[in-house]
Amino acid sequence: MAPANSLSAWSDLQAHHESVGKTIVLKDAFKSDPKRFDKFTRKVTLPADISSGSNGTDIIFDFSKNLITEETLDKLVKLAEEAGVEKKRDAMFAGEKINFTEGRAVYHPALRNVTNQPMKVDGVDVMNTKGGVNEVLEHMRVFSEQVRSGEWKGYTGKKLTTIINIGIGGSDLGPVMVTEALKHYGAKDLTLHFVSNIDGTHIAEALADSDPETTLFLIASKTFTTAETTTNANTAKTWFLEKTGGKGDIAKHFVALSTNESEVTKFGIDPANMFGFESWVGGRYSVWSAIGLSVVLYVGFDNFHKFLAGAHAMDQHFQKAPLKENIPVIGGLLSVWYSNFYGAQTHLVAPFDQYLHRFPAYLQQLSMESNGKTITSDGTPAKYTTGPVVFGEPCTNAQHSFFQLVHQGTKLIPSDFILAAKSHNPVSNNLHQKMLASNYLAQAEALMVGKTAEEVRAEGNVPEELVPHKVFMGNRPTTSILVGGLIGPAELGALIVYYEHLTFTEGAVWDINSFDQWGVELGKVLAKKILKEIDEEGAGSGHDSSTGGLLGAFKAYGGF
Ligand SMILES: O=P(O)(O)OC[C@H]1O[C@@H](O)[C@H](O)[C@@H](O)[C@@H]1O
């Protein structure tokens with residue numbers, strides 16, 4: 001594919017930005033077009049049998065408060081066409097090796113293919129082959145039901161009531177985020193810990209809270225070679241064997257979620273207690289795979305299945321909807337519009353939902369590990385900016401911390417606000433929910449309409465020298481996502497997949513490989529070398545004076 005800036009739609013958008021984009025005033029656009037909301041709002045509906053609402057759940061994506069006209073959207077769609085977004089999407093769903101730097105298919109949609117469409121990689125039916133998607137799902141169902149019912153017992157015959165998932169990156173963030181998001185559905189008699197950091201505090205605190213007789217360890221690692229995970233897992237194993245005086249049965253208390261059977265076996269886990277998946281599942285897309293076992297244990301298989309089904313519904317929308325109606329495509333194109341034509345460097349995602357408090361952290365890996373790339377498909381550097389810095393926190397908290405900058409700072413921060421119409425906790429007769437919703441609506445409105453100097457003065461009693469400080473420029477774009485009911489498993493699945501395919505669309509336009517992550521390797525290699533040097537005499541070799549100086553100081557102060 002060609003670099004994005006060589007496409008004619010790109011130059012067309014540049015001209016359009018100069019003539020229209022730069023001058024669009026959103027509040028005026030709303031005044032002059034009463035149908036603007038309808039024109040730029042899109043909806044998916046999740047069917048009743050999977051959704052949390054008895055009549056199905058609508059999820060509304062309101063793109064109308066973005067700096068676009070109908071012409072902008074047409075031109076962005078043209079860019080997607082010229083960049084081959086549909087062709088690339090179809091290649092992904094056909095199991096082609098679109099992860100071209102690793103020679104792999106990108107086939108995580110198969111993991112949530114609950115309607116069992118034929119899906120093949122290298123001619124192999126990934127759904128029904130031995131060890132394939134359906135077989136692993138069935139293993140997850142059986143195992144989770146055994147653990148949840150108490151039929152699966154620890155080495156002293158007790159029910160397992162503590163689950164410690166040891167994993168990092170995609171083997172941690174998905175399970176953490178989803179179990180938090182679906183806490184309402186979680187088994188109340190289960191305690192979950194997620195240990196990811198190599199900082200010994202993380203595993204030590206989880207172990208301190210746990211009883212070896214009732215603890216189940218899930219060692220979650222696609223490669224089973226990640227230093228943090230293998231070290232934490234070995235520490236857990238040593239703790240388990242010490243605490244049980246060597247009587248503890250690893251087979252009853254440790255299972256592996258991985259693609260690497262030989263490393264799993266070396267660690268001492270019986271392959272019968274391994275839940276596998278394939279190399280075509282990227283780490284950041286793996287919550288749908290065996291890596292999601294903690295989710296299944298916590299919320300139960302039926303809920304996990306609904307989670308997959310909601311994701312599948314969004315996959316189908318992405319596959320079938322024409323580009324101009326295609327919700328993740330529009331989201332991705334807007335990101336391109338702001339990044340490449342307005343110079344925006346960031347993207348804020350603020351869920352107005354406490355259960356979604358880890359959603360932004362999850363999206364950081366999804367987006368930034370996928371599209372934090374410079375090199376395009378022909379091996380040359382992109383001459384345009386690529387993946388934005390994604391950040392966020394739940395609201396209303398974020399409003400009381402960094403929203404100052406979003407409202408009055410010098411940077412353009414395209415923002416997504418997410419709200420569910422219904423709360424799982426309608427306490428105080430829904431007072432909290434109504435206040436939450438009023439903030440969700442007010443923030444997007446305030447960011448758009450702003451406040452002029454005249455309006456500040458009209459409020460009265462404002463000293464003239466304070467007027468400029470109280471002005472809000474407004475015209476700051478937001479996308480408002482409204483779940484027309486509760487956020488249950490299916491709704492959450494669909495929301496995640498919206499962002500997955502938004503990220504796909506960005507990468508497809510930018511002509512980069514969204515599916516490798518070479519950028520995480522260098523630091524790992526250097527850390528290995530330095531780890532050795534900590535145990536050797538001196539302050540290492542071949543380092544710059546800062547690294548060498550700090551290494552020496554660390555050893556001296558730490559007594560190493
Ligand atoms: O699951 P694994 O193999 O232990 O990998 C964990 C994480 O390791 C990181 O180094 C990768 O950048 C992530 O993509 C990955 O999710």
Subject >> Heavy-atom neighbours of Lys188 NZ exceed 12 at 6.0 Å >> reply: yes
**OP:** Compare all side-chain heavy atoms of Arg112 with those of Pro109 and state whether any distance is below 4.5 angstrom.
**Re:** yes
**OP:** Ignoring hydrogens and angles, tell me if any N or O in the side chain of Asn232 forms a donor-acceptor pair with the backbone of Gly167 under 3.5 Å.
**Re:** no
Original post:
Under 3.5 Å, side chain of Thr478 to main-chain N/O of Asp416, donor-acceptor pair present?
Top reply: no
Original post:
Do Trp288 and Val281 come close enough that some side-chain heavy atom pair is under 4.5 Å?
Top reply: no
Original post:
Side-chain contact, heavy-atom cut-off 4.5 Å: Gln433 with Leu436?
Top reply: yes
Original post:
Just by modelled atom types, is the Ala206 backbone N or O under 3.5 Å from a matching donor or acceptor in the Ser210 side chain?
Top reply: yes
Subject >> Thr225 and Glu263, any side-chain heavy atoms less than 4.5 Å apart >> reply: yes
Original post:
Mind checking whether His139 and Phe275 have parallel, tilted or perpendicular rings, split at 30° and 60°?
Top reply: parallel
Original post:
Are Thr101 and Asp516 linked by a side-chain donor-acceptor pair shorter than 3.5 Å?
Top reply: yes
**OP:** For Glu491 and Gly488, indicate whether the former's side chain and the latter's backbone hold a donor-acceptor pair under 3.5 Å.
**Re:** yes
Original post:
What distance separates His432 NE2 from Ser423 OG, expressed to the nearest 0.5 Å?
Top reply: 9.5 Å
Original post:
Does the pair Lys237 and Ile250 meet the rule for a side-chain contact (heavy atoms from CB on, under 4.5 Å), with working shown?
Top reply: CA-CA 8 Å; Lys237 188 166 81 173; Ile250 296 278; 3.6 Å; yes
Original post:
Looking only at heavy atoms, which two atoms of Gln365 and Gly169 are closest? And how far apart?
Top reply: OE1-C, 3.5 Å
**OP:** Answer yes if the side chains of Gln408 and His469 hold a donor-acceptor pair under 3.5 Å, and no otherwise.
**Re:** no
**OP:** Report the C-alpha separation of Lys130 and Glu135 in whole Å, then their side-chain angles, then the decisive distance to 0.1 Å, and conclude whether the side-chain contact (heavy atoms from CB on, under 4.5 Å) test is met.
**Re:** CA-CA 7 Å; Lys130 198 172 159 16; Glu135 194 182 297; 3.7 Å; yes
Subject >> Modelled atom types, side-chain donor and acceptor of His501 and Asp315, under 3.5 Å >> reply: yes
**OP:** Give a yes or no answer on whether the side chain of Tyr384 reaches the backbone of Ala4 with a donor-acceptor pair at less than 3.5 Å.
**Re:** yes
Original post:
So, for His193 and Thr162, which heavy atoms are closest and what is the spacing to 0.1 Å?
Top reply: CD2-CG2, 3.9 Å
**OP:** Could you check Tyr285, Tyr362, Phe359 and say which one makes a ring pair (Phe, Tyr, Trp, His ring centres under 6.0 Å) with Tyr499?
**Re:** Phe359
Subject >> Contact check, side chains of Asp353 and Ile418, non-hydrogen atoms, under 4.5 Å >> reply: no
Original post:
Just checking, is any N or O donor in the side chain of Ser377 or Asp511 under 3.5 Å from an acceptor N or O on the other one?
Top reply: yes
Subject >> Spatial distance of atom CD (Glu393) from atom CG (Leu356) [nearest 0.5 Å] >> reply: 12.5 Å
Original post:
Can you tell which of Pro414, Ser415, Pro360 makes a side chain to side chain contact (heavy atoms under 4.5 Å, CB included) with Leu348?
Top reply: Ser415
**OP:** Starting at CH2 of Trp510, measure out to OG1 of Thr374 and round the result to the nearest 0.5 Å.
**Re:** 11.5 Å
**OP:** Classify the ring geometry between Phe515 and His108 as parallel (under 30°), tilted (30 to 60°) or perpendicular (over 60°).
**Re:** tilted
**OP:** Please tell me if the side chains of Trp518 and Asn513 come closer than 4.5 Å, counting only heavy atoms from C-beta onward.
**Re:** no
Original post:
Out of curiosity, Ile98 CD1 to Trp280 CH2, how far, rounded to the nearest 0.5 Å?
Top reply: 13.0 Å
Original post:
With distance as the sole test, does Lys159 use its side chain to make a donor-acceptor pair with the main-chain N or O of Thr214 at under 3.5 Å?
Top reply: no
**OP:** Could you tell me whether the side chain of His253 and the main chain of Thr215 form a donor-acceptor pair under 3.5 Å?
**Re:** yes
**OP:** Might you confirm whether atom NZ of Lys183 has over 12 heavy atoms from other residues, nucleotides or ligands at distances under 6.0 Å?
**Re:** no
Original post:
Are Glu369 and Arg284 close enough for a salt bridge, meaning some N to O gap below 4.0 Å?
Top reply: yes
Subject >> 4.5 Å side-chain heavy-atom contact, Val299 and Phe307 >> reply: no
**OP:** State the CG-CG distance between Leu173 and Leu366, to the nearest 0.5 angstrom.
**Re:** 10.5 Å
**OP:** Starting from the C-alpha separation in whole Å, work towards a yes-or-no answer on salt bridge (charged side-chain N to carboxylate O under 4.0 Å, His left out) for Lys529 and Glu533.
**Re:** CA-CA 7 Å; Lys529 172 178 183 286; Glu533 291 171 344; 2.7 Å; yes
**OP:** Determine the interplanar angle of the Phe143 and Trp152 rings, folded into 0 to 90°, and report it as parallel if under 30°, tilted if 30 to 60°, perpendicular if over 60°.
**Re:** perpendicular
**OP:** Identify the heavy atoms of Ile496 and Met177 that sit nearest to each other, and give their distance.
**Re:** CD1-CE, 3.5 Å
Original post:
Going through the distances and angles, do Arg141 and Val296 end up as a side-chain contact (heavy atoms from CB on, under 4.5 Å)?
Top reply: CA-CA 8 Å; Arg141 184 188 67 76; Val296 188; over 6 Å; no
Subject >> Minimum-distance pair of heavy atoms, taken over all atoms of Glu180 and His357 >> reply: OE1-NE2, 2.8 Å
Subject >> Shortest non-hydrogen separation from Gly292 to Met140 and the atoms involved >> reply: C-CE, 4.1 Å
Subject >> Flag for Ser289-Ser286: side-chain donor and acceptor within less than 3.5 Å >> reply: no
Original post:
Would you say the side-chain atoms of Lys373 pair up with the backbone N or O of Ile512, donor to acceptor, closer than 3.5 Å?
Top reply: no
Subject >> Passing option when Thr226 is tested against Thr230, Thr223, Thr229 for side chain to side chain donor-acceptor pair (under 3.5 Å) >> reply: Thr223
Original post:
Does the side chain of Thr376 pick up a donor-acceptor pair with the side chain of Asp378 at under 3.5 Å?
Top reply: yes
Original post:
In terms of ring plane angle, is the pair Phe254 and Phe267 parallel, tilted or perpendicular, where the classes change at 30° and 60°?
Top reply: tilted
Original post:
Is any side-chain heavy atom of Leu502 less than 4.5 Å from a side-chain heavy atom of Tyr498?
Top reply: yes
**OP:** Indicate the atoms forming the closest heavy-atom contact of Ile481 with Tyr440, along with that distance.
**Re:** O-OH, 3.1 Å
**OP:** In plain terms, say whether Glu145 and Arg148 are close enough for a salt bridge, that is, a side-chain N and a carboxylate O under 4.0 Å apart.
**Re:** no
**OP:** Would you mind checking if Asp211 and Lys243 are paired as a salt bridge, meaning a charged N to carboxylate O distance below 4.0 Å?
**Re:** no
Subject >> Geometric class of the Tyr338/Tyr342 ring pair [parallel <30°, tilted 30-60°, perpendicular >60°] >> reply: tilted
Subject >> Main-chain N/O of Tyr155 paired to Asp249 side chain as donor or acceptor, under 3.5 Å >> reply: no
Original post:
Got a second to check how far Phe217's CZ is from Ile164's CD1, nearest 0.5 Å?
Top reply: 4.0 Å
Original post:
Where the side chain of His202 meets the backbone of Asn197, is there a donor-acceptor pair that is under 3.5 Å apart?
Top reply: yes
Subject >> Step-by-step side-chain contact (heavy atoms from CB on, under 4.5 Å) determination, Lys524 to Glu521 >> reply: CA-CA 5 Å; Lys524 288 185 193 173; Glu521 294 307 322; 3.6 Å; yes
